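A quick write-up on the structure given underneath.
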There are 2 protein chains.
Amino acid sequence: MPNVFVTMRDVALASGVSTATVSRVLNDDARVKDETRVHVKAAIDKLGYKPNQVARSLKTRATKTVGVVAPELASVFFMQLSESMENELAAHGYSLIVCSSRESLEQEKKRLQLLAARLVDAVVIIPSSDRGEHFNIARGKDIPLVFIDRIALGVQADAVVSDNEGGARSATEALIADGYKRIGFLGGDLRVSIARERYEGYRKAMETAGLSLEPDFVRFGSLHIESGYKQMAEMLAKPDAPEAYFIVNADTHVGATNYLLTEGRALREKIVFASFDEMEYSPLLRFCRYSVRQPVEEMGRTAARIVLDRLKGIGGTERHTVRLATSLIRHGFDGPI
Amino acid sequence: MPNVFVTMRDVALASGVSTATVSRVLNDDARVKDETRVHVKAAIDKLGYKPNQVARSLKTRATKTVGVVAPELASVFFMQLSESMENELAAHGYSLIVCSSRESLEQEKKRLQLLAARLVDAVVIIPSSDRGEHFNIARGKDIPLVFIDRIALGVQADAVVSDNEGGARSATEALIADGYKRIGFLGGDLRVSIARERYEGYRKAMETAGLSLEPDFVRFGSLHIESGYKQMAEMLAKPDAPEAYFIVNADTHVGATNYLLTEGRALREKIVFASFDEMEYSPLLRFCRYSVRQPVEEMGRTAARIVLDRLKGIGGTERHTVRLATSLIRHGFDGPI
DNA sequence: CTGTTAGCGCCTTCAA
DNA sequence: TTGAAGGCGCTAACAG
């Protein structure tokens, strides 16, 4: 087990060299005689010495940490992202500091300041809204900033997002191809980029097919479970509600399904959903005929790589937005289950 | 926006005092004249100074960070824990460094060393197995260690877990009360504490009711989706499989459900599940009659508080295991849906 | 009440 | 190829 109290000085003493040499060995400096290198390494092993990252950071101004901020940690999507980023970054010695902004601009600001004070080397963020001016974290030091999933305005940054519009469009088109002409929309706050883009995809699919949007059956909520429940309830309270619906995300989908299984029973027989977000449980949800899979793992990996590149100075001064393709999954075991 | 390049020295210069005084103001040291305090604070604001956490940590040996290690980040349960810990800890200025052990003892060890090198103030961990000797992180410095969800052996530590046995027992009893006499068991690796305890609960409920365990229908897998699928498949391949099953966790539940909806159709008509883990989507799963809810939010909060207490030196030398009660949820809208 | 001084552990010129 | 010395930004005695 490493002993945090063993210092470079101890290693130097034990191997009869100076701390400078130990430091060189640690950092693979070429100009160290092989023989001394061996000695020093032996001492390091013997003492169980581990370099103190904090001291090193103070000197090098690099902490080998990446700050990650999300509106909510407790979301499947976010955690898959974290997992894949951690995979990629840990391999290069980076750690992840995760923060929740609780969907609040104020908290988001606070967290960013905290991360700045901790001298994180980079920040990856799912912005809580499309406001982004406060992401200019620190004057004087500009660390790489990468948006993931959602994009905010008012700041230069790289971004990794799904083809939200395309995904929503193809899901809607699939419903149309199945013969549905009236398709409702359970949506999210249009100030959030994903909600806006998915709405666009739905709208364009309908328009292209010559179908009209019915204001009563196009709604915008908050991307949460309760919102899905509420939107579904409100739609079905109207006479002559559509049978097919496009749903903006997984939580809304769960909420809507829940409404149908509890309150909306009488109406549910012919209902069909096409929803964004393919979850492990999506195929098990009763009304789910299509779901749009985002390449979550790839998104995380890509963001991590952009971070690593930027930290190596690769990528130039321009910012890039990587938009990854989604795929449409068709479910259905044996008709209504 | 804070500027990381503004240092204490700049503030001292600007307000005509020494850095020591600035430091005192920052740390709310009582013995500073009100007048100077005001001056210094003004300078701090004016310059947008933010203390450099790294430098501070080097001096104080406290990083205000807590390391969190889990076998897998991408799990609903873990992310709920993280959210609730972050809530509690961030309020006290602590940040979370999250690491994935990828269910590997080797990786777990590596991560712990990394965290030790980063001088985290405490570690909260979901151990990947019941092996825990390697948790004696660093000789010389023993930082608080808290197990959460699962407990490992071979090391002194506080722990926060659910009443796994009680939860499993009451779920099984509910099935028994519903009239089922033959109840199958879809389980996990018994080397993992939760799997072991839940099996105990099931076993005791059966035993107490005078019902016998049927070896063919008591299985142990890996707590993952594929494992649930496989276990269900294997059971239903036997003649005369039971109608009721206790399931060890959410993923296994999803896997088992998935099997029934795809391959096991012919057999599924009368199947009923009682499963550990109440998820947002649990009520939507077709065979789920009971689920056991863990107080996840409270678990996270409790772990965070233990950490905070330990860091304040509260709690004495004894280690405590907090075991929180679960609750049984009954689902069912209108019979088989 | 405030300033001076001396490190925390490491890296990095500059000399040798 | 190696060592000595200084300093990253902050805190904590110890004086005054």
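Order of the sequence lines fixes the chain letters, A, B, ..., with proteins taken first and strands second; residue numbering starts at 1 for each chain. Being a predicted model, the structure only gives us computed values, none of them experimental.
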Practice problem: Go through the side-chain N and O atoms of B:Ser101 and B:Gln107 and say whether any donor and acceptor fall under 3.5 Å apart. | Solution: no
When rounded to the nearest 0.5 Å, the distance separating NZ of A:Lys64 from CZ of A:Arg56 is 8.5 Å
- Any luck finding a side-chain donor-acceptor pair between A:Arg102 and B:Asn87 under 3.5 Å? yes
Discussion item. Any base atoms under 4.0 Å from A:Val17, or only sugar-phosphate, or nothing? Heavy atoms, all strands.
Written reply: sugar-phosphate
Taken to the nearest whole Å, NE2/B:His39 to P/C:dC1 is 16 Å
To the nearest angstrom, the CZ-P distance between A:Arg37 and D:dT2 comes to 9 Å
Rounded to whole Å, CD1 of A:Ile44 lies from C1' of C:dG9 at a distance of 14 Å
A:Lys64 NZ to C:dC11 P, in whole Å, measures 12 Å
Rounded to the nearest 0.5 Å, the CD atom of A:Gln113 sits from the NZ atom of B:Lys50 at a distance of 4.5 Å
If only side-chain N and O atoms count, and only distance matters, is there a donor-acceptor pair under 3.5 Å linking A:Glu108 with A:Ser128?
yes
Across all chains, not counting sequence neighbours, the salt bridge (charged side-chain N to carboxylate O under 4.0 Å, His left out) partners of B:Asp158 are B:Arg310
Checklist entry - Above 12 or not: heavy atoms from other molecules or residues under 6.0 Å from NE2 of A:His224? => result yes
Separation of D:dC8 atom P from A:Asn52 atom CG, nearest Å, is 18 Å
Between CG of B:Leu13 and P of D:dC10 the distance, given in whole Å, is 13 Å
The side chain to side chain contact (heavy atoms under 4.5 Å, CB included) partner of A:Leu96 among A:Val124, A:Val120, A:Thr65, A:Val68 is A:Val68
Separation between CG (A:Asp10) and CD1 (A:Ile44), nearest 0.5 Å, reads 11.5 Å
The helix from C:dC1-D:dG16 to C:dA16-D:dT1: angle between terminal helix axes, five bp per end, to the nearest 10 degrees, reads 40°
Rounded to whole Å, the CZ-P distance (B:Arg61 to C:dG7) equals 16 Å
Per-nt protein contacts along nucleotides 11-16 of chain D (heavy atom under 4.0 Å; B base, S backbone sugar-phosphate only, - none) come out as BBB---
5'-most contact on DNA chain D (nearest-nucleotide basis), A:Leu58 vs A:Thr21, goes to A:Thr21
Open item on the list: Can you tell me if B:Ser18 touches the phosphate of C:dT4, counting only side-chain N or O atoms and a distance under 4.0 Å to OP1 or OP2?
Closed with: no
- Item | Presence of B:Thr36 side-chain N/O under 4.0 Å of C:dT2 phosphate oxygens OP1/OP2 | yes
note: A:Asp29, atom CG; D:dT1, atom P; distance rounded to Å ~ 10 Å
